[in-house]
Amino acid sequence: MENMVNIKINGMPLSVPSNYTILEAAREAGIDIPTLCYLKGINEIGACRMCVVEVKGARSFVASCVYPVNEGMEVLTNTPAIQKSRKMTLEMLLSVHNRDCLACKRNGSCELQTLCNELGVEQTNRFDGVKPDVSRDESSMHLIRDNSKCILCRRCVGACADQHVGVLGPNCRGFDTHIACAFEKPLSEVPCVSCGQCIVSCPTGALTERDQCGEVMAAINDPEKFVVVQTAPAIRATLGECFGLPVGTNVKGKMVAALRRLGFDKVFDTDFGADLTIMEEANELLDRVKNGGPLPLITSCSPGWVKFCEYYYPELLPNVSSCKSPQQMTGAIIKTYYAEKNNIDPKKIVVVSVMPCTAKKFEAKRDDQDAAGAGIPDTDIAITTRELARLIKMANINFDRLPNEEFDPALGITTGAAVIFGTTGGVMEAALRTAADALEGRSLDSIEYKEVRGTEGIKEAVYHVGGMDVKVAAVSGLNNANEILNKVKNGEGGYHFIEIMCCPGGCVNGGGQPIQPASVRSFTDLKADRAKALYEEDKNLPLRKSHESPIIKTLYEEYLEKPGSHKAHEILHTTYVAREKY
Amino acid sequence: MQKRISNLPFKGTPEQKQKLDEVIKKHKQEKGAILPVLQEAQDIYGYLPAEVQSIIAEGLGVPLEEVYGVSTFYSQFSLTPKGKYNVSICLGTACYVKGAAAVLDRVSAVLGIQPEECTPDGKFSLTACRCVGACGLAPVLTVNGDVYGRMTPEEVDQVLAKYE
C-alpha cells in the first residue's frame, strides 16, 4: 500500500500517493495545469514557469510539475495572480520567438501557440526587443533545426540524452543560451543517429523532419516515372491520429485508398519486405548457430540503431545481421524482380516509402543499397507518417470518408508476423515463428511469444526449439540497447539473438510518427496503445508466419532460390561502416 | 557574448595528455566531474580546444556536447589559447565611460584579432575583461602583469611595440 497524503486543490480535498507531484495530483482530480517544458520521463526540470501554482505558506509560486505533494498542502491553480504570471511568461517567450506561424509546420499542433490561445494572449509583441542571433541547421538528411522557433525548453535535450546519444544541449549562457551541438558543429558532423525523438518531443516548430512532400508530388506528376509506394507496418496504427482518430486506430484500408488517390501507380506493403527480412534473418541465425558465427545475432531493421552501433559500438558490427531493412528489401525487390517480371526499366521506377522513422531518410541514402545497379537506389524517397498526412491534406482527400481498400496484390500480402514488426519484440516474435518451424521441421500451432511483448525496455526469454535452448532479448530505446551491448561486449548474457529497435517502444513510437502534445504523452502510453492495434491485426490475419506468405514462396521459387543464396545476398544484404564520433 | 572557438592548430604534448588522463582518472567516479576536470585541463593546456574536450568526454563517458555546454557556460573557461603576451582591456564601467572601447578597437586592429582570439604566431592574445580594480587609472590596459593606465588609442602601438 502506497503512502497517501491529504491535500486540497482549489478547495477540493484529495488523497493522493505521497510520491506525486502537484501536477500529477491535479490531473488525477481532473484539474488541468498548463505545462510547456515538462515531458514526463524525458524532461522534468521546472524551468519554463508555465505550470506555476500557489501553495499556501510558500514564499513564491512553485512549479507544479516538479513540486512534490505533502500532508495538509493547500494548492490554488488558477488565481488571477497565476493567470497573469503565466500570460507574462508566454509574452516574454514570444518576445524572442519567430512568430511566422502561418508558414510553420507546427501551425495547429504547436504547444506554444495552443497555450497563447488558451491563456488569452492578445498581443504577440508586448515585449519586443533585441532578438538573439540564431542559426538554422539544414545539414542532416532527416531534420531541420530552426532555433528562431526554439523556446529553450530542453525537451529535445532530454530526448536525445534518453537515447544515450546526447548530441543536443544548451550552449553558452543567459541571453546567448541556445540549443546546439558541441563546438557549434552542424548536426551532420556529430554522432546523431537520426532517430527523430527530438522532433516528436519539440513543442514548437524548432525541430521538424526534412519535408520531402514536394519530391513525392514531382515524381507522381512526372509521366515518365512509375511511382510505387510502400508503407511500414506501424503507419496503419498511427496515421489516423493526424485526422483526429483515437490513438491505436488501425486505418490500413483508408490509408491504402488515400495513397491510390494521391496517384501512386502501385501501393505495396513493406510487410512484404518484413517477411523477406525474416526469411533471410532466420536463415542467418540458424547458420550462425550451426557454424559458430558471431553470436548473438542482432537485428538490423532499425536504421537509427544501426547508425548508433556504427558510432558507439563499432566492435559489435559483425554481430549485426547483414540483412537490409524491410524498406530496403522491398525497394530492392521492386527494382529487380518486380521490374523484370513486369518489364519496367528500374531507372524509371521511383520507390517512395512511408515510414514511422526519420532515420529511414538517412538509410535510403546509404551506400551499398542499390540492388538494381549503381545509381539506382533501392528506395528513392522516404517520408514520415506526418508527411503522408500532409500529402493527403494537400490533395484535399477527405480521409474520414474514404472506403477501405486493399494493397496491390503483387507485393501486398500481409502476414501477422510482418505486421508486428512495428513494435518492440515483434521482429523477434516473427523470427521465432519461422525459425521454430524450421528447426522443428513442422508447422507449430503455438506461435505467440508473449514474453517478448510489452513496452518494457528490455525483455528476455529462453525458448526451447529444435532441441536447443535459445536465449533471446528484445530491446527498445538506445539507453536500454547500451545496457545490453555493454553486457555483450563483456561476453555476458549468453544471448543467441537480440532484437534492437532504436526508439522506445519500437516503430509505433518512432521519430516520424504523429506528434502528440506533452499533455497527451504524459498521461497515456502511446507505445502500448499503438502496439495493440498491430497485435490485434496479427491475431485476425489468416497468415501469421512469414514463410507461409505465397509471395515469399513464389519469390524464392522464381528468383532467389533459397534464403541466404548468392542472389539473395546480392540483393537483400548489405554492409556497415565504423564511424568516427568526433 | 558567445564564446570564440580556436581555429589554430592544436599543439598538445604527450606529457600534457598524460597529466590530463590522470586528472580524468582522479575525478571519473565523482558526480559532476566535468567542471573540476575542465578546470584542471585548462591549467594544463591553457585553454580548452575541441581535442582536449573530446579526450575529457571519452574519458568520463559523457557526450562531448555536455562537456562543451559546461565549458561555454562559465566565463572562466577559454576555448582559445592565450598568447605569450595576453593583452587585456578593462571594459568595466569606469574604463568604458573613459573610452576603453576605442582602445580595444585599436589593439584589435593592430594585432588583427578579435577579443578571445590569439595571433597565429602565438605571440599575442586579446581579452576584454571586467573591472581590474584600478578605476582611478581608467581606461586600463594590461599586458600579462604590466598595467598601463589612462590609455588612449594613439598610445596603443607604442605599448605593444615593447613586446615585439
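Every chain is numbered from 1 and lettered A, B, ... according to where its sequence line falls, protein lines coming before strand lines.
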Heavy-atom neighbours of B:Gln18 CD exceed 12 at 6.0 Å: no
Which atom of B:Glu65 lies closest to which atom of A:Asn171, heavy atoms considered: OE2-OD1, 2.7 Å
Residue B:Glu155 excluded, over 12 heavy atoms near CD under 6.0 Å: yes
Heavy-atom proximity to chain B below 4.5 Å, by part of A:Phe183: both
Proximal component of A:Val190, with respect to chain B [non-hydrogen, under 4.5 Å]: neither
Heavy-atom contact with chain A under 4.5 Å, split by part of B:Ile5: side chain
Atom NZ of A:Lys581 with >12 non-hydrogen neighbours under 6.0 angstrom: yes
Close side-chain approach of B:Tyr74 to A:Arg173, heavy-atom, < 4.5 Å: yes
Exceeds 12 heavy-atom contacts within 6.0 angstrom, atom NZ of B:Lys28: yes
Region of A:His178 in contact with chain B, defined by heavy-atom distances below 4.5 Å: side chain
Over 12 foreign heavy atoms within 6.0 Å of CG, B:Asp21: yes
Over 12 foreign heavy atoms within 6.0 Å of CD, A:Glu492: yes
When B:Pro63, B:Ala57, B:Ala50 are compared by non-hydrogen pairs under 4.5 Å with chain A, the top option: B:Ala50
Over 12 non-hydrogen atoms of neighbours within 6.0 angstrom of OH in B:Tyr96: no
Heavy-atom contact with chain A under 4.5 Å, split by part of B:Glu58: both
Part of A:Ala180 within contact of chain B (heavy atom distance under 4.5 Å): backbone
Check against side-chain hydrogen bond (donor to acceptor under 3.5 Å, both in side chains), A:Glu184 and B:Tyr68: CA-CA 9 Å; A:Glu184 313 300 337; B:Tyr68 179 78; 2.9 Å; yes
